[in-house]
Amino acid sequence: MDATDSPAPGTGPAARRDLAVAAAVRQGLVTEDGQPLAALLDVRTVRDAAAALRTAFDEVTAPGQEVLHTFAVKAASLVPVLRLLAGEGIGCETASPGELALARAAGVPARHTVLDSPAKTPAELREALDLGIAVNADNPQELHRLDALVPGRAEESLRLGLRVNPQVGGGSIGAMSTATATSKFGVGLRDPGAREWLVRAFLDRPWLTRLHVHSGSQGVPLDLMAEGVREVYELAEEINAAAGTPRVRVLDLGGGLPVDFTSDEPPAFGAYARLLARTAPGLFDGRYGLVTEFGRALTAKAGTVLARVEYTKTAGGRRIAVTHAGAQLAVRTVFAPDSWPLRVAPYDPDGHPLTGDPVPQDIAGPCCFTGDLTAHARPLPPLTPGDHITLLDTGAYYFSTPFTYNSLLRPGVYAFTTSPDDVHFSTVRAPQTVEEMVRESGG
Ligand SMILES: Cc1ncc(COP(=O)(O)O)c(C=O)c1O
């Protein structure tokens, strides 16, 4: 494991998941006649990821260099998760008024909060400045809105930056590639005249002290991400040289560390931090404060969707297991299965690992469209009604951000901790009720 101790046999993430699934079934978090679906979140895995992130940067930063790690709230927009991470010293990167409200509800202090959305209204910008949270403007028009809001405010209370797209190129998933030539985010650094405009923008605004880059996400190779960071570091050096003073004082490096969806291997925070240190050594000599905004890498491995198998059938010779977990929880996997394959682990009616000779099976969800499959022709022990399936690595951008298709109810989310003879669950989000759904739907 990266920057954390190897787990003792039987206590690693897979063993904890097995314990949690059996306990969830035993304790009735999923039942035949009640809730057919639940989401489980391993507290230990989240804490381990947070520790690995801190250690990774501690190992490359200069003594006393300020580093603020924030969590991209979009990855798991659940207040108890933000609170858990805040307890690990991790703040919040927010990208909407709703996410900011969640961060505040979790008690995350303003000085640990960043607002990054690409479409902020004047009211959102004013609120952010009033609260004293860091804001990264996305584009010249947004910067002009800040020009109008800044006068009269104490400069020390402002933590304002500008997002730059280093245009270094994309990765294997187009929709996750933020640093392409035509990406909608930030100011395109390689566009004609952009570099000169950026330098001028900082020289003209003594209160503009940060540069922001988020150069990739799942599917983007680490060296491309690091190259994007280096480009923005070099821009900071150029601005500061032109200003004759350290005008850019903080570099926000974004998030984007990919997750391995094929194994229990934890995200490579240490390898990425070391790569950054090799690619842009000046980042870590103590002259700049740093901010990170990792999302998926902090929580994905901690999440498991647990669903009862309601029916099994065959069609055209294909075996199909019909479950309650589909596009409403696994939007990306269902609509872009080649980019977002998930591991499926099967369990028996008591929640114990299911064994048997694997045969290809489709794992279907409950949504009324044909493509609602979370796995295609997956070799698994033959499933029968009453068994369970789990969708692994779903702690980011899955059950925390459900889709309301078919008015399917949001499942309960339960954080768990394990001890040798017990699994303790606490409710992160209660299962949505039919009454709540009707009310939210205008009823
Ligand atoms: C600005 C910004 N920061 C951080 C993140 C988090 O990315 P990831 O979950 O891949 O770490 C995103 C994701 O979209 C983002 O847009």
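Remember, predicted model here, so these are calculated numbers, not experimental data. Residues take their numbers from the sequence shown, with the count starting at 1.
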Main-chain N/O of [Y] paired with [X] side-chain donor or acceptor, under 3.5 Å:
{"X": "Lys120", "Y": "Asn136", "answer": "yes"}
{"X": "His388", "Y": "Asp348", "answer": "yes"}
{"X": "Ser77", "Y": "Glu99", "answer": "no"}
{"X": "Thr312", "Y": "Ala321", "answer": "no"}
{"X": "Asp138", "Y": "Gly186", "answer": "yes"}
{"X": "Ser157", "Y": "Gly132", "answer": "no"}
{"X": "Thr433", "Y": "Glu436", "answer": "yes"}
{"X": "Gln167", "Y": "Leu189", "answer": "yes"}
{"X": "Thr121", "Y": "Glu124", "answer": "yes"}
{"X": "Arg429", "Y": "Pro411", "answer": "yes"}

**Prompt:** Crowded around Arg83 CZ? As in, over 12 foreign heavy atoms under 6.0 Å?
**Reply:**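 Counting neighbours around CZ of Arg83, more than 12 heavy atoms of other residues, nucleotides or ligands fall under 6.0 Å, so yes.
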
How long is the gap from [atom1] on [X] to [atom2] on [Y], to the nearest 0.5 Å?
{"X": "Gln328", "Y": "Asn406", "atom1": "CD", "atom2": "CG", "value": "8.5 Å"}
{"X": "Leu29", "Y": "Leu306", "atom1": "CG", "atom2": "CG", "value": "8.0 Å"}
{"X": "Glu293", "Y": "Asp116", "atom1": "CD", "atom2": "CG", "value": "4.5 Å"}
{"X": "Ile133", "Y": "Leu100", "atom1": "CD1", "atom2": "CG", "value": "4.5 Å"}
{"X": "Leu208", "Y": "Leu143", "atom1": "CG", "atom2": "CG", "value": "5.5 Å"}

**Request:** Answer with yes or no whether the side chains of Asp260 and Thr262 bring together a donor and an acceptor at under 3.5 Å.
**Result:**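 A donor-acceptor contact under 3.5 Å links the two side chains.
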
Test of understanding: with ring-ring contact (aromatic ring centres under 6.0 Å, His included), list the residues that count as partners of [X], not counting sequence neighbours.
{"X": "Tyr311", "value": "none"}
{"X": "Phe57", "value": "His69"}
{"X": "Phe294", "value": "Phe269"}

**Request:** Could you tell me whether Arg16 sits above the aromatic face of Phe416, with NZ or CZ closer than 6.0 angstrom to the six-membered ring centre and within 45 degrees of the axis?
**Result:** no

**Item:** Geometric class of the Phe369/Tyr405 ring pair [parallel <30°, tilted 30-60°, perpendicular >60°]
**Value:** perpendicular

Any non-hydrogen side-chain atom of [X] less than 4.5 Å from a side-chain atom of [Y]?
{"X": "Asp18", "Y": "Tyr347", "value": "yes"}
{"X": "Thr209", "Y": "Val250", "value": "no"}
{"X": "Ile363", "Y": "Leu380", "value": "yes"}
{"X": "Leu41", "Y": "Phe399", "value": "yes"}

Can you sort out the partners of [X] under side-chain hydrogen bond (donor to acceptor under 3.5 Å, both in side chains), two or more places apart, ordered by chain and number?
{"X": "Thr384", "answer": "Asp387"}
{"X": "Glu88", "answer": "Arg47, Arg54"}
{"X": "Arg410", "answer": "Glu440"}

**Item:** Lys301 vs Asp48, salt bridge (Lys or Arg N to Asp or Glu O under 4.0 Å): CA-CA, chis, key distance, verdict
**Value:** CA-CA 10 Å; Lys301 306 304 286 181; Asp48 284 351; over 6 Å; no

**Item:** Residue pair Tyr398, Asp393: steps toward the side chain to side chain donor-acceptor pair (under 3.5 Å) verdict
**Value:** CA-CA 9 Å; Tyr398 280 89; Asp393 310 321; over 6 Å; no

